[in-house]
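Written below as structure tokens is the structure these notes are about.
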There are 2 protein chains.
Amino acid sequence: MSSSTDRTAAATRRAGSTKERILVISRDLFARQGFTGTTIADIARELGTTTAALYYHFPSKADILRGLLDGPMADYQRILDSLGVREPPAAELLGVFIDLAVNSRELAAVIDRDPAVLAIIDEVLPMSSQQLTERVIAALAGPGADRAATIRAHAAFAVIKGASMAAMSLGGLDADGNLDPADRAEVLDAALRALYRRG
Amino acid sequence: MSSSTDRTAAATRRAGSTKERILVISRDLFARQGFTGTTIADIARELGTTTAALYYHFPSKADILRGLLDGPMADYQRILDSLGVREPPAAELLGVFIDLAVNSRELAAVIDRDPAVLAIIDEVLPMSSQQLTERVIAALAGPGADRAATIRAHAAFAVIKGASMAAMSLGGLDADGNLDPADRAEVLDAALRALYRRG
DNA sequence: GTCTATACCCGGATAGAC
DNA sequence: GTCTATCCGGGTATAGAC
């Protein structure tokens, strides 16, 4: 939520610049119909212009997606980098990922739903998105994790994604777009229980 | 399976009928590239024929998908129906879903990844696929479940899908395509811990 | 910055011969 | 059952006027 807010005052008119409006509209449509399932005609219609006008602001459909992704991607990258410096406790790391999932909720669904999106991401990323996930799993599973611990790490990660999405669609967001603290705690606890065996 | 199977041993070569080969090839390609990301030409190439030949066996691309889905769909439906008769303990229900996830592993990814697939499914189904999921969540959460219990049910369901996929990609399948019993137990335990609060 | 018009391609599907 | 040839629609993108 830090990187995505550094807009210049000039670029921020009352309703936002056209470029920003396009991003907002696209984010919404991508979330509902997927990236491939959304046409630039859809976006243009919502924007109230023609498709040609869109291309004045963005050189391609893929660039619109990139514009949407680079905020969350930077956040993700920052988390990954911090893992190299110190190993945070699992509870903290899981909490960070809940917040990331909530902040990029419209994109979260799109990302691991559309193979075309994965291709675009991998095009930009230093490492493949699969490697990215593996890095997180490794951090959750801890050093020298055996097969069972790795599976549990995947389980915990799945809880983060699945249960926070569920909480949000159950109406767990306040006016500012933050997850209800009780819901957040519930998700976090479930993830931690999945991660650690009893006893 | 009486009259249709004794039809000319010639039609049933060692590798199976052309129709079956198309299904196998398609399942594979859909899993790797997604449904929308796979073209009829892709399938035809793999099959060693032209696209026109494909249309002798299937009237449309969507029908190929339907051919792949109706097996797992029937399984799913059977589970749903059994819920009406008796409420199985959560551990049993979760176990059933692990096996379903494993048996339809190539399709599992396709199903909740491609919006186009959801549309095709909803076209055939008596209830929407969203309602289907809700039905399972309700069964897992138990009668009179509050908000927190519902979130935990989603968490457990997410573990089933995420962790069994992970176990499989870690090489947890034997020659017969069954999940390693130890892995299965690990996934099931994690799901149960996610579902039930400690104490 | 936005328009009209259109090029261009690709994917699904069909016609009809063999 | 499979082929060649082709249609058709829709989707991205561009040209050029205003």
Side-chain angles (χ1 to χ4, degrees), chain A residues 10-26 29-30 32-69 110 113-117 119-120 123, chain B residues 4 7-30 32-69 110 113-121 123:
Chain A
T12 319
R13 322 249 170 86
R14 39 195 157 264
S17 69
T18 305
K19 206 160 182 169
E20 280 165 352
R21 285 183 55 222
I22 292 172
L23 287 175
V24 171
I25 290 168
S26 301
L29 288 174
F30 290 168
R32 293 213 308 267
Q33 314 173 348
F35 176 72
T36 306
T38 302
T39 69
I40 54 166
D42 290 337
I43 302 171
R45 190 181 323 113
E46 204 79 6
L47 185 65
T49 64
T50 62
T51 64
L54 265 181
Y55 281 90
Y56 174 81
H57 301 279
F58 289 92
S60 78
K61 186 185 172 186
D63 279 283
I64 299 180
L65 179 63
R66 276 188 276 266
L68 286 172
L69 287 176
V110 182
R113 246 167 133 180
D114 199 326
V117 175
I120 291 175
E123 214 166 77
Chain B
S4 48
R7 174 194 36 216
T8 64
T12 320
R13 323 244 167 92
R14 41 197 154 268
S17 69
T18 305
K19 206 160 183 168
E20 280 164 354
R21 286 184 54 223
I22 292 172
L23 287 174
V24 171
I25 290 168
S26 300
R27 174 163 48 74
D28 211 55
L29 288 173
F30 290 167
R32 292 213 309 268
Q33 314 174 348
F35 176 71
T36 306
T38 302
T39 69
I40 298 284
D42 289 337
I43 302 172
R45 189 181 325 112
E46 205 78 6
L47 185 64
T49 64
T50 62
T51 63
L54 264 182
Y55 282 91
Y56 173 82
H57 302 280
F58 289 93
S60 77
K61 186 185 172 186
D63 280 283
I64 298 179
L65 179 64
R66 277 187 276 266
L68 286 172
L69 286 176
V110 183
R113 249 166 120 176
D114 200 325
V117 174
L118 270 298
I120 292 175
I121 292 179
E123 215 165 75

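So that the names make sense, note that chain A is the first sequence line, chain B the second, and so on, each numbered from 1. As a basis for the values below, the full set of heavy atoms in this structure was taken, side chains included, without hydrogen atoms, waters or symmetry mates.
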- Message: In this structure, how many angstroms lie between the P atom of dT12(D) and the CG atom of Asp42(A), rounded?
- Response: 8 Å

- Message: Quick test of your reading: applying salt bridge (charged side-chain N to carboxylate O under 4.0 Å, His left out), list the pairs with at least one residue in residues 47-60 of chain B, sequence neighbours left out, ordered by first then second residue.
- Response: none

- Task: Would you give the length of the straight line joining atom CD1 of Ile40(B) to atom CG of Leu29(B), rounded to the nearest 0.5 angstrom?
- Result: 11.0 Å

- Query: Within this structure, what is the OH-to-C1' distance between Tyr56(A) and dG16(D), rounded to whole angstrom?
  - Reply: 16 Å

Extract all donor-acceptor atom pairs below 3.5 Å that involve side chains of residues 51-60 of chain A and protein atoms in other chains or at least two apart in sequence.
| from | atom 1 | to | atom 2 | distance (Å) |
| --- | --- | --- | --- | --- |
| Ser60(A) | OG | Ala62(A) | N | 3.4 |
| Ser60(A) | OG | Asp63(A) | N | 3.2 |
| Ser60(A) | OG | Asp63(A) | OD2 | 2.7 |

- Any side-chain N or O of Tyr55(A) under 4.0 Å from OP1/OP2 of dA13(D)? yes

- Message: Measuring only between side-chain heavy atoms, which start at C-beta, is Leu23(B) closer than 4.5 Å to Arg27(B)?
- Response: no

- Heavy-atom pair with the smallest gap, counting every atom of Leu65(B) and Ile120(B): CD2-CD1, 3.7 Å

- Note on the structure: Rounded to whole Å, the NE2-P distance (His57(A) to dA13(D)) equals 16 Å

- Note on the structure: Applied to residues 50-62 of chain B, the salt bridge (charged side-chain N to carboxylate O under 4.0 Å, His left out) test, sequence neighbours excluded, yields none

- Which parts of residues 45-54 of chain A get close to DNA chain C, meaning a heavy atom less than 4.0 angstrom away? Thr49(A), Thr50(A), Ala52(A), Ala53(A)

- With sequence neighbours left out, the residues meeting side-chain hydrogen bond (donor to acceptor under 3.5 Å, both in side chains) with Thr49(B) are none

- Item | Partners meeting side-chain hydrogen bond (donor to acceptor under 3.5 Å, both in side chains) with Gln33(B) (sequence neighbours left out) | Thr38(B)

- From NZ of Lys19(B) across to C1' of dG1(D) the rounded distance in Å is 13 Å

- Value in whole Å for how far the P atom of dG12(C) lies from CG of Asp63(B): 14 Å

- Query: Got a sec? Which of residues 34-41 of chain A come in under 4.0 Å of DNA chain D, heavy atoms?
  - Reply: Thr38(A), Thr39(A), Ile40(A)

- Task: Grab the CZ-C1' distance between Phe58(A) and dT14(D) for me, whole Å please.
- Result: 18 Å

- Task: Give the rounded distance in Å between these two atoms: CD1 of Ile43(B) and P of dG12(C).
- Result: 8 Å

- Atom pair CD1/CZ of Ile43(A) and Arg21(A) - distance to nearest 0.5 Å: 12.5 Å

- Item | From dG12(C), dT12(D), dT2(C), nucleotide with atom closest to Lys61(B) side chain | dG12(C)

